[in-house]
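Accompanying notes for the structure given below.
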Amino acid sequence: MPELPEVEIVRQSLDKKIRGQIIKKVIVKNRNLRLKVPRNFEKNFKNQKIVKVDRFSKYLILYISNKTICIVHLGMSGTIHILENKNKNLITNTSFYHSLILPKKHNHIEIIFENFKIIYNDPRRFGFFEIIKNRQYLKKKFYKLGPEPLSSKFSTIYIYSFLNGKQKNIKNFLLDQNFVSGIGNIYASEILYLCKIKPEKMAKYLSKKDCQKISINSKKVLLRAIRKGGSSIKNFKNTSGKRGSFQNEFKVYQREGSNCKRKKCNGIIYRKTISNRSSFFCNLCQK
DNA sequence: AAGAGGCCCTGATAGC
DNA sequence: TGCTATCAGGGCCTCT
């Protein structure tokens with residue numbers, strides 16, 4: 001569910017809240033996430049300090065004082081909530097993913113600190129928590145993934161040479177984490193709109209200029225989304241104004257049947273299923 | 001090797 | 001009201 005900007009917003013608020021804090025206890029209520037939560041998971045955290053909350057692509061990386069690393073992936077429906085001790089009903093709303101009311105079901109993991117606890121909620125259970133004992137393994141795990149779209153490695157040359165001769169549409173490539181890591185279904189559509197490239201265009205037909213547009217617009221869209229606090233699609237009940245607002249700026253995503261936002265374009269936004277995922281695009285200005 | 005498709009899971013919504 | 005079908009922001013595995 002969350003793409004790079006949303007995970008980054010969670011990272012920022014989580015780091016602010018738990019960096020330097022000591023974990024009193026961990027409770028796992030359901031181990032059946034996408035990866036089975038291991039038996040020694042709780043023990044690994046007890047009385048340890050959170051050194052830092054980092055991120056690569058859509059993965060959160062928790063550095064623990066005992067030199068282990070906890071990787072968290074939110075999957076499609078994972079959310080993190082912060083529950084303060086003083087007032088059992090108060091949930092700190094530090095990012096768009098935090099609702100003021102804790103969901104009743106699917107609260108799978110609790111990490112308890114002295115004055116508050118963080119709760120991992122995930123109805124679909126596509127997310128996971130993984131403990132990593134050495135950094136070499138972490139490197140190995142991320143090594144096979146493509147560069148982040150925000151990094152300088154995601155350059156015109158990289159894109160052009162990677163896609164050279166590839167018999168697959170560009171939309172699929174933007175979702176392919178081995179090509180570029182962190183873009184998901186919403187931002188893939190938004191990026192291609194800004195590039196004026198239709199999602200079904202075969203990668204091998206992209207010019208260098210197209211690749212340059214992809215490099216530039218990926219950064220542009222994602223950075224703006226981060227500044228706007230990410231995109232909040234689900235309407236949480238009783239959330240404060242701290243939800244993300246990038247959904248208000250979508251040019252194509254979920255705008256099927258609406259007019260193209262480009263001033264001189266009379267196009268209509270279409271939705272088409274490509275490889276089992278929805279793609280949104282303007283029928284006129286994206287070629 | 002590259003590319004297509006199925007699958008993991010629950011919940012919200014639309015249509016009959 | 002209650003059924004069924006479809007869709008949802010991800011990523012892995014298998015088959016060709």
Side-chain angles (χ1 to χ4, degrees), chain A residues 1-10 29-37 55-60 71-80 95-97 99 103-108 120-130 141-142 144-146 148-149 161-192 199-204 221-222 225-226 228-237 243-257 271-280:
Chain A
M1 130 187 204
E3 306 181 32
L4 189 152
E6 290 74 35
V7 178
E8 174 58 21
I9 296 300
V10 172
K29 294 181 173 170
N30 187 351
R31 291 183 190 278
N32 296 313
L33 303 183
R34 182 150 68 82
L35 300 178
K36 192 105 180 169
V37 179
R55 177 190 62 73
F56 178 80
S57 178
K58 303 173 194 173
Y59 301 83
L60 290 167
I71 298 181
V72 181
H73 197 291
L74 302 175
M76 290 276 260
S77 58
T79 52
I80 290 174
S95 93
F96 80 112
Y97 265 132
S99 74
K104 287 191 170 65
K105 293 169 74 176
H106 310 300
N107 294 318
H108 305 310
Y120 177 72
N121 181 282
D122 189 357
R124 293 176 75 179
R125 288 188 274 122
F126 287 168
F128 65 80
F129 283 61
E130 188 180 14
K141 189 178 170 74
F142 290 142
K144 60 180 176 186
L145 293 177
E148 289 203 301
S161 52
F162 193 102
L163 298 183
N164 181 36
K166 293 286 192 336
Q167 188 80 354
K168 193 166 72 166
N169 63 67
I170 182 59
K171 167 73 185 323
N172 270 349
F173 270 111
L174 290 182
L175 294 182
D176 181 350
Q177 305 298 299
N178 296 314
F179 167 57
V180 57
S181 191
I183 296 174
N185 204 38
I186 291 179
Y187 295 106
S189 281
E190 294 295 316
I191 289 164
L192 289 174
E200 285 172 294
K201 186 158 181 173
M202 280 293 147
K204 62 178 179 176
V221 170
L222 297 178
I226 292 171
K228 291 287 170 181
S231 307
S232 305
I233 302 255
K234 285 249 167 71
N235 242 334
F236 284 119
K237 285 172 187 168
R243 295 169 66 224
S245 65
F246 193 75
Q247 68 280 6
N248 301 325
E249 300 189 18
F250 288 162
K251 307 282 192 201
V252 287
Y253 188 77
Q254 286 188 340
R255 291 193 68 246
E256 185 180 13
R271 184 178 81 91
K272 186 168 183 184
T273 301
I274 301 174
S275 305
N276 274 326
R277 312 294 302 273
S278 287
S279 283
F280 297 85

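Every chain is numbered from 1, with letters handed out A, B, ... down the list of sequences. Not measured: the values here are computed from a predicted model.
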Exercise. Hey, does the side chain of A:Lys58 come within less than 4.0 Å of C:dG9's phosphate (OP1/OP2), counting only N and O?
Worked result: no
Exercise. Can you tell me how far the NZ atom of A:Lys166 sits from the NZ atom of A:Lys204, to the nearest 0.5 Å?
Worked result: 12.0 Å
Exercise. Can you tell me how far C1' of C:dG11 sits from CG of A:Leu4, to the nearest Å?
Worked result: 16 Å
For this session: Assess whether one donor atom and one acceptor atom, taken from the side chain of A:Arg125 and the base of B:dC9, lie less than 3.5 Å apart.
Result: no
For this session: Measure distances between side-chain N and O atoms of A:Arg124 and base N and O atoms of C:dA8, and say whether any donor-acceptor pair falls under 3.5 Å.
Result: yes
For this session: Output yes when a side-chain donor or acceptor of A:Arg271 lies under 3.5 Å from a complementary backbone atom of A:Phe280, and no otherwise.
Result: no
Problem set entry | For atom CG of A:Asp122 and atom C1' of C:dG11, their distance in whole Å | 13 Å
For this session: Verify the stacking flag for A:Phe126 against C:dG11: centroid separation must be under 5.5 angstrom and the ring planes must differ by under 30 degrees.
Result: no
Problem set entry | For the student: nearest non-hydrogen atoms of A:Met202 and A:Lys168, plus distance | SD-N, 3.5 Å
Exercise. Picking from C:dG11, B:dG11, C:dG9, which would you name as closest to the side chain of A:Arg34?
Worked result: C:dG11
Problem set entry | C:dG9 to B:dG3 separation - C1' atoms, rounded to the nearest Å | 23 Å
Seminar exercise, completed: Taken to the nearest whole Å, CD1/A:Ile226 to P/C:dG9 is 19 Å
For this session: Grab the CG-C1' distance between A:Leu175 and C:dA8 for me, whole Å please.
Result: 14 Å
Exercise. Are any of A:His106's side-chain N or O atoms less than 4.0 Å away from OP1 or OP2 of B:dG11?
Worked result: yes
For this session: Output all residues satisfying side-chain hydrogen bond (donor to acceptor under 3.5 Å, both in side chains) with A:Tyr120, sequence neighbours left out; order by chain, then residue number.
Result: A:Asp122
For this session: Please tell me which of the listed nucleotides, C:dG9, C:dC7, B:dG11, lies nearest to the side chain of A:Lys105?
Result: B:dG11
For this session: Measure across A:Leu174 and A:Ala188 and return the closest heavy-atom pair with its distance rounded to 0.1 Å.
Result: CD1-O, 3.9 Å
For this session: Please state how far atom CG in A:Leu74 lies from atom P in C:dG10, giving the value in whole angstrom units.
Result: 11 Å
Between the protein and nucleotides 3-5 of chain B, list the N/O to N/O atom pairs that are separated by less than 3.5 angstrom.
from, atom 1, to, atom 2, distance (Å)
B:dG3, OP1, A:Gln167, N, 2.6

For this session: Report the nucleotide, chosen from C:dG10, C:dC12, C:dA8, that has the shortest atom-to-atom distance to any side-chain atom of A:Tyr59.
Result: C:dC12
Exercise. Quick one: does A:Glu8's side chain have a donor or acceptor within less than 3.5 Å of a partner on A:Arg55's backbone?
Worked result: no
Exercise. Sub-3.5 Å donor-acceptor pair from the side chain of A:Glu249 to the main-chain atoms of A:Phe246, do we have one?
Worked result: no
Exercise. Does a donor on one side chain sit under 3.5 Å from an acceptor on the other, for A:Asn185 and A:Lys171?
Worked result: yes
Exercise. Which atoms form the tightest heavy-atom contact between A:Leu33 and A:His108, and what is the distance?
Worked result: CD2-CD2, 3.7 Å
Exercise. Can you give the dot-bracket line for DNA chain B, where a pair is Watson-Crick or G-U wobble with both atom distances under 3.5 Å, crossing pairs use [ ], and | marks a partner on another strand?
Worked result: .|||||||.|||||||
For this session: For A:Ile274 and C:dC7, give me the distance from atom CD1 to atom C1', rounded to whole Å.
Result: 16 Å
Seminar exercise, completed: note: A:Ile233, atom CD1; B:dA12, atom P; distance rounded to Å ~ 16 Å
Problem set entry | A:Ser57 side chain reached by A:Gln177 side chain, heavy atoms, under 4.5 Å | yes
Problem set entry | Atom-pair distance (CG on A:Leu35; P on C:dC13), nearest Å | 10 Å
For this session: Just call it for A:Tyr187: base, sugar-phosphate, or nothing, with non-hydrogen atoms closer than 4.0 Å on any strand.
Result: nothing
For this session: Provide the distance between the two P atoms, one in C:dG11 and one in B:dA12, to the nearest whole Å.
Result: 23 Å
Problem set entry | Closest-nucleotide ordering on DNA chain C, the 5'-leading residue of A:Thr273 and A:Arg277 | A:Thr273
Exercise. C:dG11 phosphate, OP1 or OP2: any side-chain N/O from A:His73 under 4.0 angstrom?
Worked result: yes
Exercise. Between A:Phe142 and A:Tyr59, is the gap from one ring center to the other below 6.0 Å?
Worked result: yes
